[in-house]
Amino acid sequence: MNVAIIGNTLDAYVAAVSLASVGNRVVLSSGFNNTDLIESSYLHNEPELTQMLDMAEKSSNLTVVNDQQFDSKNFDCFWLFYKGSSQDQIEEQIEKLSSENPNSKFLLTTTLGVGTYEQLESKYIDMDLEIAVIPSFVREGYAISDFKKPDLLLIGTKSSKFIALISKLLSEIIERSRKVMFVSAAEAEFIKTSICSVLASRLSLINELSGLAEGLNIDINTVVEGMASDARVGKYYLQPGCGFGGVTLSREVNNLLKLLSETSSSGSSMLSAVVETNNSQKELLFRKFWQYRKGKVSGAKISIWGASFKPNTSSIKNSPIHEMIEAFSSQNCIVSVYDPAASEGLTSAYSNLEQVKIAVCKEDAAKDADALFILTDWDEFLRADYFQISKLMARPVIFDGRNMLDYSEMQELGFEYFGVGRGRPLTEIIDG
Amino acid sequence: MNKNKITLEQLNLKAKYLSKLTLRKLFEQGEDRNKYVIGFDEFHLDFSKQFIDDDVFAGLQKLAKECDLTFKIKQLLEGSVVNKTENRPALHTALRLPESSRMFVGDSNITSYVHEELRKVEKIVSKVQKGQWRGFSGKPITNIVNIGVGGSDLGPFMVVNALKEYRVNFKNKLEFHFVSSMDGTQLSKILNSINQEESLFIVSSKSFTTIDTFYNANTALEWMLKACTNKELILNQHFIGVSANKVKMAEWGISTANQLMIWDWVGGRFSLWSAIGLTIALSIGYSGFKELLAGAHSMDLHFLNEKHNCNLPIILGLLGVWNTTFMGINAHTVLPYDGRLQFFPNYLTQLEMESNGKSIDNNGNKVSYQTCPVLWGDIGPNAQHAFYQLLHQGTQRVSCDFIAPIKRYGEDKQLKSQHELALANCLAQSRVLAFGNNAISSKSDVPSHKYYNGNQPSSTILIDELTPYTLGGLIALYEHKVFVMAAIWDINPFDQWGVELGKIIANELLDVIKVTDPLMNSFDSSTNSLLKFIKDKN
């Protein structure tokens, strides 16, 4: 089949190479000028993707073009991938493509959330086009296998002709998928958003539990291990930490919150609490430090490792780094941040703040620090030479926001260690 | 009041004459009563429904002249010692002067002190606004508790409630609480509804010795220490003091960084413009607070510079004197037709009655005329279902101030129609109060119990819109009205010696109530018997 894939996201690349690899003629166009450019780290993290991209381009099944080079004629369908919050950009694409190609069929994979399809459908009711929704469940680092062998494939359209076309296009995936659901577009959107809400709720709940565990001198990591072994609970999205960030989860939950407040006068008590807990969790480590120093934090030298919202990405969108920098700089602390991939983003966000320095390496950040904070669980931080780090720091104190380090090992190295839901409870310090 | 007896006699004669007339008659005499309407900035004052004519209006202005009003206003605004019993100026107007102005008390340019404190207010507001004022556990502050009584409570409480629509969306939604009464009713309720980690107490007291405030502040501190025993941290992060007494603030435990100053030359009931207004600034943001100050400053300039016959505070003040001293009307009610101004009448009860509830003149002699009337009020539409019966058909003469903004609710048609209903009621009530049954065209006889006498005089103040700026102007308008009345009556509006004796006696009685010793009959028989009854029950 002839398919045009439009978008500059990891999903778009994965879809393009996967469909090309099974014999479709695919053109991948960057489209959406204003969206995030695909990050080179995506390709680093997806070795299979790089390899397949080479092969597909060599086989001439895949052509990668930019927006200006893209010729929209002679495609069976257009698959739009969009990771942003402006519906206008999707509409602009649909209107442009359908004006050039009457009777166009569009597959949508976006982060716009519940209600997007309904709005588009009512807007284009008189136009000669069809829209289906296929939510993405692709995770970074597992992108190809998630796309080719998904746990769940949602095909959201009620048009039988369109279902037939999609079934043909995705026949290999349908065969390998653990579950395929043919649902309405609105249902597809709703399922995706609901999954995200459950995941976000799990994270906020485990964070709340970790606060309690800490007060009772219980290690939350042990608790999580036990909980995860219960099949009804499972292990995913159960790691306590200093708050979730990124685009997808935050956006989906906010989309749903917005929808709830629009459609129900009482809004959402549950999801609001999830978001509130998460927002508060993002400055948890600051509060721990505050308690540790009994409120006397002014002038402290702070070292932060990790700024991206998760490892293996340079994105600092909605990452706790922002709350932490604001909190520390408001208390006249001096902050030195190191992140293996996010230096550029950090520089553009904080170069105007005098008391924030972007460090070139872990050691540079840790030098003379009164405390070290880990916000992202990059592998690099596991492998650090903590003995050397403890010597570099003014005081060997670690606040581990991802519970990635070994508590007793750190203590043996002379560190005072505070995790999330583990480590010495701070309440006893503050009262003293 | 006035050495020139002729003016007083003329006004007295005029009052006798007008008392026999009706307001309807005054309106029917063919003169254009629209001349009794003046405006300034966003204010429109209609005092045509007062018992006045040209002779009275001229007579009152003559009285003002003979009482040296212009000179006295100048003295007030220039910082002369106008509060003679306490030997100090009353410079609330200096609190709203622009930073570039200069105002000297002794050798000090107090404008620089004022703005220094304002900058501290701004800094605190900004920190709280950004969610960066931290409680003992590091959590941001979300509850602001204002502890103070009298001027440290009524002004901030009234303004914070009136300007809720102008609340700034802080990062953490702030809730505001006010604690004034010594009996603990307000405080115990509030402490049950907020948490220690996120609460900030603003303890305001000019002397920092007010017993009401101290009992409340001590209870609040004890409650905080239950959550965290680190007293230094609790005091640093949860208590701000506002006072003229640095030493007392420090003694109580307010940390130097959390001390905000006011000065001897600001009266408590005139102090919301100073750091006492911190709660206001936290509510409407620092820029909103500056707007409030700017509105008041603009009224100050009007008061100082405008001719007497179109000077809003002067006219309101002269009318107040006219009604009380000459017309013998000893009750005055303030009736806002806007729920946002619910607490404005209550605020004015202190401003007017504590200022002018005096019977000794500036020479220490007992006055021979009536001074401040009894003042009260409520939201007009609610008062219609409460005390308007007395206004319309009772035996008391009462003068009234109607206050209403013209524009409200933007494009919300439904709510706008409610505001229109309130405006219609405002105008209707002032008509009926003035003209009684003659306000309606029907000539048919009515039974006596349905008869409205009318003849209750009123003024109507319309404001384009209620904003921080116009509210600032409205409050300053009444502050100056009070000063004008005091200037004519030759009394000191800036002291309050009448509230002192009760405090001393209360201390004596507290000792008697607290000790378990048998009761000595050391008071009057009534007090002795009440004490006995209390002690027998305990």
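As the structure is a prediction and not an experimental result, all values here were calculated from the model. Note on naming: letters A, B, ... go to the chains in the order of the sequence lines (proteins, then strands), and numbering restarts at 1 for each one.
Counted within 6.0 Å of OH on B:Tyr113, heavy atoms from surrounding residues, nucleotides or ligands total 12 or fewer; the atom is thus considered open. Within 6.0 Å of the NZ atom in B:Lys248, the count of heavy atoms belonging to other residues, nucleotides or ligands does not exceed 12. Summarising the local packing, CZ of B:Phe214 is surrounded by more than 12 heavy atoms from other residues, nucleotides or ligands at distances under 6.0 Å. With a 6.0 Å radius and a threshold of 12 heavy atoms from other residues, nucleotides or ligands, B:Glu122 has its CD atom above the threshold. Atom CD of A:Glu354 sits in a sparse spot, with 12 or fewer heavy atoms from other residues, nucleotides or ligands closer than 6.0 Å. Remark: A:Glu276 CD is loosely packed, at most 12 non-hydrogen atoms of other residues, nucleotides or ligands lying under 6.0 Å away.
The distance from atom SG of B:Cys228 to atom CD of A:Gln291, rounded to the nearest 0.5 Å, is 9.0 Å.
Side-chain atoms of A:Trp290 never come within 3.5 Å of backbone atoms of B:Arg134 as a donor-acceptor pair (strictly under, hydrogens ignored). Put simply, the side chain of B:Gln132 never gets that close to the backbone of A:Ser330: no donor and acceptor are under 3.5 Å apart.
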side-chain contact (heavy atoms from CB on, under 4.5 Å) for B:Glu197 and A:Arg287? Distances and angles first, verdict last.
CA-CA 12 Å; B:Glu197 287 175 290; A:Arg287 293 198 298 273; over 6 Å; no

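Of the atoms belonging to B:Lys139, heavy atoms from both backbone and side chain fall under 4.5 Å from chain A. Heavy-atom distances place both the backbone and the side chain of A:Glu326 under 4.5 Å from chain B.
Heavy-atom minimum distance, A:Lys294 versus B:Asn230: CD-ND2, 3.8 Å.
A salt bridge links A:Lys296 with B:Glu232: the distance from a Lys NZ or Arg NE/NH1/NH2 to an Asp or Glu carboxylate oxygen falls below 4.0 Å.
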